[in-house]
Amino acid sequence: MTSESPGKPISPRLQRLSSDLQDNPAALQSFWEEIQQAGTPIMEPDTAHYSWVTFVWREDSSARNIAVLQDWGADGIREHHMVRLPGSDVWYVTRRMHSDTRTTYQLSPSTSDNRDDPGGYTLDPLNPKTHIAYLSEERNNILFSLLELPDAPALPWRQPHDFQAGTVELHQPFTDQRRLWTYVPPGGITTSCPLLVFFDGRLYKDMLKLPEMLDYLSGMGHIPPVAALMIDNIDRTELQCKPEYADYVVERILPWFRSQYPVSTDPLETTLIGNSFGGLGAVYLAYRHPNVFGTAFSQGGWFRWRPEGDTEHHWLARQLAAAPQLPIRFWLQVGDLETALMSDGGPTQLEANQHMMNTLLTKDYFVVYQEYSGGHDSSSIEAPLAQGLRGILG
């Protein structure tokens, strides 16, 4: 992470612009024409595996400060403020990122001189790439600008391929009308078929293209044929370490699923997966029901969580530290950009995940830990999801 001052820019391109403006005022118009054609942010190589990423805004007299909102899922989203390049209408801020980063962002121009005064949120008008950050039930999706650096991992399941597709079906078997989506691999299910259970089922099904991903991974031979249960969460607070919800999943939802589909009942072949609060919930359910779930796979797990009234963070890590070792494997992923400061003064998301990893290692658990190049958003976790599934099932 970098911080800008009105002095010499970090970006080589802006350094060149600053130098050119001393003798050639027309260099500014040429710069904007170049940016209009190439799009933003400006991406420039740094050392091996790193790039400089420069977000820019063209002065239009409507803003007194501009922030880049990137660390979503955190409180400190107004940490990255632009400065103005002297003698120009260019506002900018540069950050150093891994060259395989994929993430989303918005810009926040504000009419206030107070940097902590939030302005409106807007797409980057110079970036043609967008990503659905929130998939609305009413088709009123929320879009963010998409940032993909040159080495961002490929998403081949999103491209046309010849692999046979599995079957996805929607079920609402309970009185609460909770939606459950099932994925059955091509050729059907056998009693040895591993089971993946996902929280935030619609996120994984529609935004992360889970069915297409499973078709591709199994078609390529990276994983065996696998069944998936994608659970819709009516209220995401139920993922916050609530025993009644954990028992509901194990005592009602899973028995229903297994009555319909003859998947493996071996805990080592039953994996629970979730993102953010879903990652917290996945680890909690495995902790509460280790005889059912042998693997917990968390993506950006909200492990800094604590119950209301508790003065100490890392509640779930404390429970695992105090309990006897359980027969569970853990796969933990978190974005290297999840470093925003929190308004409660507690740990960042990255620190909370590192703390969970260290707690589990101290207890001699099997832990695979990965910091992927991205943030707390759905665009960041899609490629790491495929990587994790290959490791768990491969």
| message | Testing the 3.5 Å rule here: is there a donor-acceptor pair between the side chains of Ser110 and Ser112? | response | no
| request: Establish, from distance only, whether the side-chain atoms of Asn127 and Ser145 form a donor-acceptor pair under 3.5 Å. | output: no
| message | I'd like to know if the side chain of Gln15 reaches the main chain of Ile10, judged simply by a donor and an acceptor atom lying under 3.5 Å from each other, with no hydrogens or angles considered. | response | yes
| task | State which residue, out of Gln387, Arg158, Lys209, Gln299, fulfils the side chain to side chain donor-acceptor pair (under 3.5 Å) condition with Glu382. | result | Arg158
| query | Tyr261 and Thr182: side-chain donor and acceptor closer than 3.5 Å? | reply | yes
| message | How long is the straight-line distance from CH2 of Trp91 back to CG of Leu107, given to the nearest 0.5 Å? | response | 13.0 Å
| Regarding His289 and Asp247, is there a side-chain donor-to-acceptor distance under 3.5 Å anywhere? | yes
| request: Have a look at Leu337 and tell me which of His376, Arg95, Glu371, Gln349 forms a side-chain contact (heavy atoms from CB on, under 4.5 Å) with it. | output: Arg95
| query | When you measure from the side chain of Arg84 to the backbone N and O of Ser88, does any donor-acceptor pair fall under 3.5 Å? | reply | yes
| message | Looking only at side-chain N and O atoms, does Tyr183 offer a donor or acceptor that is under 3.5 Å from a partner on Asp215? | response | yes
| said: Between Ile189 and Leu196, is there shared hydrophobic-cluster membership here, with clusters defined by ILVMFWY side-chain heavy atoms closer than 4.5 Å? | reply: no
| field | Tyr204: which of Phe198, Phe199, Phe297 passes ring pair (Phe, Tyr, Trp, His ring centres under 6.0 Å) | value | Phe198
| said: salt bridge (charged side-chain N to carboxylate O under 4.0 Å, His left out), that's the test. Do Asp89 and Arg58 meet it? Break it down for me. | reply: CA-CA 6 Å; Asp89 58 356; Arg58 190 169 193 176; 3.1 Å; yes
| query | So, Thr348 versus Thr339: side-chain donor-acceptor pair below 3.5 Å or not? | reply | no
| query | Do Ser379 and Arg102 get their side chains close enough for a donor-acceptor pair, meaning under 3.5 Å? | reply | no
| request: Would you sort out whether Thr103 and Thr101 count as a side chain to side chain donor-acceptor pair (under 3.5 Å), showing the intermediate values? | output: CA-CA 6 Å; Thr103 189; Thr101 297; over 6 Å; no
